[in-house]
Undergrad: 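Handing you a structure now.
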Amino acid sequence: MTDQDTKEFDAIIVGAGFAGIYQLLKLRKLGLSAIILEKADQIGGTWHWNRYPGARCDIPSLEYSYQFDDDLQQEWNWSEKYSAQPEILEYINHVADRFELRDGISFEEEVTKATFNESDSKWHIETSRNKYEARFCIFATGCLSVPNKPDFNGLDSFDGELLQTSTWPQEEQNFSGKKVAIIGTGSSAIQSIPLIAEQADELYVFQRTPNYSIPSNNGPMDKEVEKEVKSRYTEFREENYQNGFGIAAMSDEALVLESDPDEVNANFEENWKNAGLGFFGGYADIPLDENANAVAANFVRNKIREIVKDPQTANLLTPDYHIGGKRLCVDTGYFETFNRDNVHLIDLKENPISEITSNSILSDKTYDIDTLIMATGFDAMTGALTSIDISGRDNIKLKEQWETGAKSYLGLGISNFPNLFTVTGPGSPSVLSNMMPSIEQHVNWITDCIDWMIQNEKTVIESSETAEDDWMVLVNEIADMTIFTDTKSWYNGSNIESKAKAFLPFIGVPVYTEMLEEVVSENYKGFIFDKVN
Ligand code: N01
């Protein structure tokens with residue numbers, strides 16, 4: 001390919017999920033030329049890839065939706081409280097059409113390399129098909145987009161059907177008449193197991209660590225609730241973003257440890273029925289105090305033992321760590337599924353998988369199977385960035401810079417990587433918030449920043465190393481005040497053996513929002529403009 005073939009834009013956006021789509025719209029409104037480069041053959045990001053049975057959002061759809069356009073939020077009607085993946089995909093497609101964004105997306109084009117060229121201050125980008133140059137490069141690559149594929153002994157020799165929840169085929173899968181194994185018991189498994197169990201002859205669930213899960217009590221959209229929310233949508237969104245996790249249900253200021261135990265129990269019962277993820281925020285000290293957390297955890301442990309009839313299975317399904325330490329799950333009939341005769345739970349802590357053969361898994365005994373489903377999670381928060389060959393100033397590689405732990409200023413900018421922005425990057429509330437408003441917050445911030453640079457004739461922006469270091473110290477200091485750091489989870493990289501262990505999400509949406517605003521009001525404090533080497 002010659003240089004003449006290089007396509008030039010003001011900005012390249014990587015990824016056509018909720019973040020990329022909105023970023024394209026905002027940059028177009030600013031009058032910039034921009035293109036989204038998307039690996040998949042269609043838009044949707046996480047909602048395109050994760051189409052396993054039962055996939056649905058675990059934040060109510062009235063909250064898990066865009067707020068940037070009032071007509072859009074008034075006119076779109078969700079059919080259920082928690083929408084299923086096909087409806088969410090339909091919604092993002094609707095948004096792309098409504099705002100005429102499709103012609104700004106190039107599909108089946110995977111970004112493989114991005115290099116900052118100091119002589120022209122531009123990003124030179126290579127994909128599976130083309131070369132590009134752009135002043136700005138915005139990674140809208142999502143927090144949970146690179147699958148974790150454990151290398152089980154013999155996996156390559158498996159001859160049956162091998163599926164991964166996070167790269168699920170577009171064709172419908174039918175498990176009737178089959179013996180199915182699923183490895184993993186995180187959210188993806190917890191959502192899919194009840195539906196697969198209804199079809200499969202036998203379902204073997206290989207669990208390493210049990211998870212806490214709260215019943216979704218999902219159902220058709222309550223039209224009265226919808227009407228009420230829509231009558232005050234702006235206010236509703238603003239109120240939610242004042243809560244620690246940016247979610248409506250998580251607003252209670254009361255403390256477990258200072259409340260009457262009977263009252264706490266009654267509230268837990270109510271939240272178990274109605275709150276979903278909000279169960280975790282039902283009292284302000286559940287995320288902060290291990291004794292308060294233990295009261296909430298015991299409530300859920302008792303529920304599991306009440307639901308699951310076989311005591312040994314119930315015990316195996318009962319977590320022994322802080323509730324919320326691993327991402328809380330929201331389910332439809334998960335624990336009940338283990339009362340079925342065709343569902344079998346295998347404890348990998350006691351009996352790890354020693355081998356996978358052409359047609360079986362060897363653990364405490366040999367399990368003959370037709371289908372193997374990996375529900376083994378993601379290289380979360382950093383994987384999508386470190387899997388691309390990104391080079392910044394002085395040819396510094398992002399992967400190497402992050403080898404001892406990812407660092408970012410505000411989750412938006414990375415030192416040595418000028419004019420590169422990340423939407424919901426490490427160090428921002430991202431996965432510990434409602435992703436939709438957090439995406440909009442970042443896209444608005446990035447767009448305003450670019451606009452400010454244009455107005456103020458600045459060519460290059462980058463975060464200072466000091467600002468970045470201080471920011472990550474703060475992220476970890478806040479996390480250390482909570483129960484989040486004591487548990488092995490993908491929040492701190494401990495689900496991937498080779499990954500540096502560091503807690504990555506910023507906890508506390510309102511504080512974060514205030515700090516973002518302060519940075520802007522002080523002319524982008526912590527960022528350097530037009531750095532001279
Ligand atoms: O992945 P996970 P997920 N041997 O990492 C196990 C979001 N999400 O795809 O805990 C054996 O939670 C691992 O075991 P352990 C949500 O934020 C949202 O389910 O490491 N087992 C664990 O059980 C969620 O948190 C929705 O001991 C191995 C499982 O695999 C995030 O995505 C729906 C193993 C992985 O669980 C990730 O969820 C779905 C090994 N070598 C997901 N390696 C919504 O509702 C891993 N495991 C919006």
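Counting starts at 1 for both ligands and their atoms, following the listed order. Numbers here are sequence positions counted from 1.
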Undergrad: So which bit of Phe206 gets within less than 4.0 Å of ligand 1, heavy atoms only: side chain, backbone, both or neither?
TA: neither
Undergrad: With side chain to side chain donor-acceptor pair (under 3.5 Å) as the rule and sequence neighbours excluded, what pairs involving residues 474-486 come up?
TA: His322-Asp486
Undergrad: What protein heavy atom is closest to atom 23 (O) of ligand 1, reported as residue, atom name and distance in Å?
TA: Thr185 N, 2.9 Å
Undergrad: Got the closest protein heavy atom to atom 19 (O) of ligand 1, with its distance?
TA: Ser188 N, 2.8 Å
Undergrad: Which pair of non-hydrogen atoms, one from Ala197 and one from Val343, has the smallest distance, and what is that distance?
TA: CB-CG2, 3.6 Å
Undergrad: When you look for heavy atoms under 4.0 Å from ligand 1, do you find them on the side chain of Leu348, its backbone, both, or neither?
TA: side chain
Undergrad: Between Phe279 and Tyr212, is the ring-ring contact (aromatic ring centres under 6.0 Å, His included) condition met? List the steps.
TA: CA-CA 11 Å; Phe279 183 91; Tyr212 293 95; 9.2 Å; no
Undergrad: Flag Trp490 as yes when one of its N or O atoms lies below 3.5 Å from any N or O atom of ligand 1, and as no otherwise.
TA: yes
Undergrad: Which of the atoms in ligand 1, numbered in the order shown and given with their element, are less than 4.0 Å from a heavy-atom of Phe152?
TA: 4 (N), 40 (C), 41 (N)
Undergrad: Does any donor atom in the side chain of Asn444 or Tyr22 lie under 3.5 Å from an acceptor atom in the other side chain?
TA: yes
Undergrad: Heavy atoms only: which of Cys57, Ala55, Ser216, Gly186 is nearest to atom 12 (O) of ligand 1?
TA: Gly186
Undergrad: Heavy atoms only, cut-off 4.0 Å: how does Lys488 contact ligand 1, side chain, backbone, both, or neither?
TA: neither
Undergrad: Report the relative orientation of the aromatic rings in Tyr91 and Tyr66; use parallel for angles under 30°, tilted for 30 to 60°, perpendicular for over 60°.
TA: tilted
Undergrad: Atom 8 (N) of ligand 1: which protein heavy atom is closest, and how many Å away?
TA: Ser187 CB, 3.9 Å
Undergrad: Just need the protein heavy atom nearest to atom 7 (C) of ligand 1, so name the residue and atom and give the distance.
TA: Leu144 CD1, 3.7 Å
Undergrad: Could you find the nearest protein heavy atom to atom 2 (P) of ligand 1 and give me its residue, atom name and distance?
TA: Gly377 CA, 4.0 Å
Undergrad: Less than 3.5 Å between some nitrogen or oxygen of Asp58 and one of ligand 1, yes or no?
TA: yes
Undergrad: Regarding Asn174 and Ser176, do their side chains bring together a donor and an acceptor under 3.5 Å, going by distance alone?
TA: yes
Undergrad: Any N/O of Tyr52 closer than 3.5 Å to an N/O of ligand 1?
TA: no
Undergrad: Can you tell me which residue and heavy atom of the protein come closest to atom 6 (C) of ligand 1, and the distance to 0.1 Å?
TA: Gly184 CA, 3.7 Å
Undergrad: Is ligand 1 under 4.0 Å from a heavy atom in the side chain of Thr165, in the backbone, in both, or in neither?
TA: neither
Undergrad: Return the orientation label for the Phe484 and Tyr491 ring planes: parallel under 30°, perpendicular over 60°, tilted otherwise.
TA: perpendicular
Undergrad: Can you list every side chain to side chain donor-acceptor pair (under 3.5 Å) pair that touches residues 426-439, not counting sequence neighbours?
TA: Tyr241-Ser438, Ser433-Ser438
Undergrad: Given side-chain hydrogen bond (donor to acceptor under 3.5 Å, both in side chains), test Tyr64 with Asp58 step by step and report yes or no.
TA: CA-CA 9 Å; Tyr64 192 88; Asp58 55 12; over 6 Å; no
Undergrad: Counting each atom of ligand 1 from 1 as listed, which ones have a heavy atom of Lys326 under 4.0 Å away?
TA: 10 (O), 15 (P)
Undergrad: Taking the six-membered ring of Trp402 (Phe, Tyr or Trp), confirm whether the NZ or CZ of Lys499 is under 6.0 Å from its centre and within 45° of its axis.
TA: no
Undergrad: Considering non-hydrogen atoms only, spot the tightest contact between Gln164 and Asn148 and give its length.
TA: NE2-O, 3.1 Å
Undergrad: Minimum heavy-atom separation for Leu144 to Phe378, with atom names?
TA: O-CE2, 3.2 Å
Undergrad: For atom 15 (P) of ligand 1, what's the nearest protein heavy-atom neighbour? Residue, atom name and distance, please.
TA: Thr209 OG1, 3.5 Å
Undergrad: Is there a heavy atom of Val431 sitting under 4.0 angstrom from any atom of ligand 1?
TA: no
Undergrad: Counting only nitrogen or oxygen atoms and a 3.5 angstrom limit, does Arg56 reach ligand 1?
TA: yes
Undergrad: Verify the distance criterion only: is there a donor paired with an acceptor across the side chains of Asn77 and Lys230 at less than 3.5 Å?
TA: yes
Undergrad: For Phe378, take its heavy atoms, then give the atoms of ligand 1 lying under 4.0 Å from any of them.
TA: 9 (O), 37 (C)
Undergrad: Which residue and non-hydrogen atom of the protein lie closest to atom 13 (C) of ligand 1, and at what distance in Å?
TA: Arg208 NH2, 4.4 Å
Undergrad: Before signing off on this row, confirm whether Ala375 and ligand 1 have an N or O atom pair separated by under 3.5 Å.
TA: yes
